[in-house]
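See below for the structure under consideration.
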Amino acid sequence: MTSPADLSVVERELSPEEEQFNDLIAKDSRIEPRDWMPDAYRKTLIRQISQHAHSEIIGMQPESNWITRAPSLKRKAILMAKVQDEAGHGLYLYSAAQTLGISREEMMQQLIEGRARYSSIFNYTTPTWADMGAIGWLVDGAAICNQVPLCRASYGPYGRAMVRICKEESFHQRQGFEILLELMQGTPAQREMAQDAVNRWYWPSLMMFGPPDDQSPNSAQSMAWNIKRFSNDELRQRFVGMLVPQAEVLGVTLPDPNLRFNEETGEYDMSEIDWTEFNEVLAGRGPANAERLRRRREAHEDGAWVREAAHEYARKQAERALAASGAVA
Amino acid sequence: MSTPGEMGTEAWPLWEVFVRANRGLSHVHVGSLHAPDPDMAVRNARDVYTRRNEGVSIWVVPADAITTSDPDAKGAFFESPAGKNYRHARYYVKSEGVKHL
Amino acid sequence: MSGTDFDTHGGDLDVHGQVSVDEVELAEELAGAGITGTGATASADAAEYALRLGDDALMLAQQLGMWIARAPELEEDVALGNIGLDLIGHARSLLHYAGTASGRSEDDLAYWRDEPEWRNAWLFEQPNGDFAHTIARQLVAASYLVELYAALAESTDPTLAAIAAKAVKEVDYHRDHATQWTLRLAGGTEESRRRMVVAIADTWPYIDELFVDDELVERLAADRVAVLPSTLRPGFDAVLDAVMAEAELEPPTGRTAFVASGGGRRGSHTEHLGPLLAEMQVLARQHPGASW
């Protein structure tokens, strides 16, 4: 049986712009800002890129929490550089989204008013130093799996921002791994700290790839538009495959008793992911949702007078320049 | 028509950033940022886009000061070169094998 | 960017195959200590002097680190981060050198000294306050550090000279950053001007301590190892006067007020240092002997 929606697709004539758009996607070429694009494509991108930007910005908090307490000056410098990179990444992504017709100010408002989503992983808290290691190794590791294919996203500015981001991220995961390695080679208390952090971050990092493919409503369209290149489950499998040997090097145990390589399927068997937790955190009931938003709102509001001052100074300077040129003429 | 992104509504306007990676190379567009004025824009560009030794020189341009070709006029603007093969050296095959040509 | 092989069109999903690590030439991390991080051993006097400068840099870096994720705009998060990272670099180089005299590491010195053993001037332990206070502190600190490192680059101590030669270019940018913001806050809105005036007034009393000579620097200056702080004052004043004039700000009166002689160089501190150290050192001290 054919649904009415399908019929409409068959009957509708494609406009020349639409044909060109489809043609570019089919050729795996890139869509650039001034090109015609379907509204839904634009909306999907604005949603995805701004969520991604918000995630970078909110993601600064759980780590900036430890900059002042980093246990060595070298680690302090590394962590500061990493959190600073995240501000840069948010900035690149907001710029990419801005080419689609939404201002950074507007996106920031959506974020601080709680109207926008960001990666729910950052609503978990970072009570110990080992969390800096686990975030780098697991969270940045998962992010890299997600992000590398995005460098080929069909929307030009997004892909270009992702290329820059991925280049810079290459240090993030390594420094996290190194933190954990140092801890695992350290005192019993340090080893315990590392294992505890891995226990807490392992499942949330697997949830970062999103719901299973059969429950992921937007995935198919995003893949058809070459925004997304691999399915959630494919990426999750690859990620776990990467983690297993790395965990051996570290000497940490991944907290899943059912995790083993299945020779027949060529994939890892694993325990069922507890999606109720994921949905709880997504719905704003995670350990730190309110705190993250409160701090972002506070920073934005506390900075308002500074942004306003610079704007006003620029206006006065321009006025003066104009008056001076008028005097000469 | 200016570059995409500038709304004219934000307190700090959008700037496009161009970086010269090394002496002898052109400035290449690397991204954009927000800044209240040109002096701050070039400093912000230094901080945001050259943290890893990516450049030896920076240009910043207000996004609304850039004039771009009209994407709808793509055909009219960019059709003409097609077919003018005689502009390219490889069009001239009779000299193949002759040295220093 | 050079040396990065980054294939965005690769076919297979090899999560790492597509991003290879930059093959950059790694530069010396601790200025003056060479790529191996060893370097010369400081005399007791030179070590004490390096400790003063290192503590100044570290306390400032520690506080600038608190701005990250809280700055008025994303671009400023990145800018303050860069400044903080420069200062951590200076602190590490200086503390490393200071430690060579007593067989202690940069981290031994940063994490295992109590308040009376810290040698930073009071300016550097003053809290961030609002953005105007941070900028006022940056303006004074960076203007002082530019004069200091420019002169110290000529030190007869090769390690101090090397550290200063790298640092002077960096603090020059810090001074420019603070100057730009001073002009904008002073010449922006009524509110920003009011805040800037308060910040200048609150910061000014801490200037004099930076330029006090004592026996240690006098001994070191005689051998041209160190720079006499008092000799840096005219250059500092000239720069600051120019910025203040352009910003149409009046230097607060009572410039030689209560903290004129300070006490930081002798280990006597304001009430702000204790909490700063407690926070910075808490984790390291929970795990004596641990490596990170």
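Computed from heavy atoms alone, side chains included, the values below leave out hydrogens, waters and symmetry copies. For clarity, every value in this text was computed on a predicted model and none was experimentally measured. By convention in this document, chain letters (A, B, ...) are assigned in the order of the sequence lines, proteins followed by strands, and residues within each chain are numbered from 1.
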- Query: Has A:E113 got more than 12 heavy atoms of other residues, nucleotides or ligands less than 6.0 Å from its CD?
  - Reply: yes
- Do the side chains of A:K167 and B:R52 get nearer than 4.5 Å, heavy atoms only? no
- Message: Is any side-chain heavy atom of B:E10 closer than 4.5 Å to one of A:Q98?
- Response: yes
- Query: If you count the non-hydrogen atoms of other residues, nucleotides and ligands that lie under 6.0 Å from CZ in A:R115, is the total more than 12?
  - Reply: yes
- Message: Taking CZ in A:R117 as the centre, count heavy atoms belonging to other residues, nucleotides or ligands within less than 6.0 Å. Is the count above 12?
- Response: no
- When heavy-atom pairs shorter than 4.5 Å are enumerated against chain B, which of A:R307, A:E105, A:E308 gives the highest number? A:R307
- Message: Looking at A:K43, I want to see if its NZ is surrounded by more than 12 non-hydrogen atoms of other residues, nucleotides or ligands under 6.0 Å.
- Response: no
- List the atom of A:Y92, the atom of B:V48, and the distance in Å for their closest heavy-atom pair. OH-O, 3.5 Å
- What option among A:S103, A:S95, A:A96 has the most heavy-atom pairs under 4.5 Å with chain B? A:S103
- Item | Portion of A:Y94 that has a non-hydrogen atom of chain B nearer than 4.5 angstrom | neither
- Message: Would you say that A:L91 contacts B:H34 through its side chain, given a criterion of any heavy-atom pair below 4.5 Å between the two side chains?
- Response: no
- Item | Minimum heavy-atom distance B:P36-A:A314, with the two atoms named | O-CB, 3.2 Å
- Message: Are the side chains of A:R104 and B:L14 in contact, using a 4.5 Å heavy-atom criterion?
- Response: no
- Query: Any chance NZ of B:K84 has more than 12 other-residue heavy atoms, nucleotides or ligands included, within less than 6.0 Å?
  - Reply: yes
- Message: Quick one: does any side-chain atom of A:H311 pair with a main-chain N or O of B:W12 as donor and acceptor, under 3.5 Å?
- Response: no
- Counting only heavy atoms closer than 4.5 Å, note whether A:I102 contacts chain B via side chain, backbone, both or neither. backbone
- Message: Does any part of the side chain of A:R160, heavy atoms only, come nearer than 4.5 Å to the side chain of B:H29, both counted from C-beta?
- Response: no
- Examine whether an atom of A:E32 lies under 4.5 Å from a heavy atom of chain B, and if so say whether it belongs to the side chain, the backbone or both; otherwise answer neither. neither
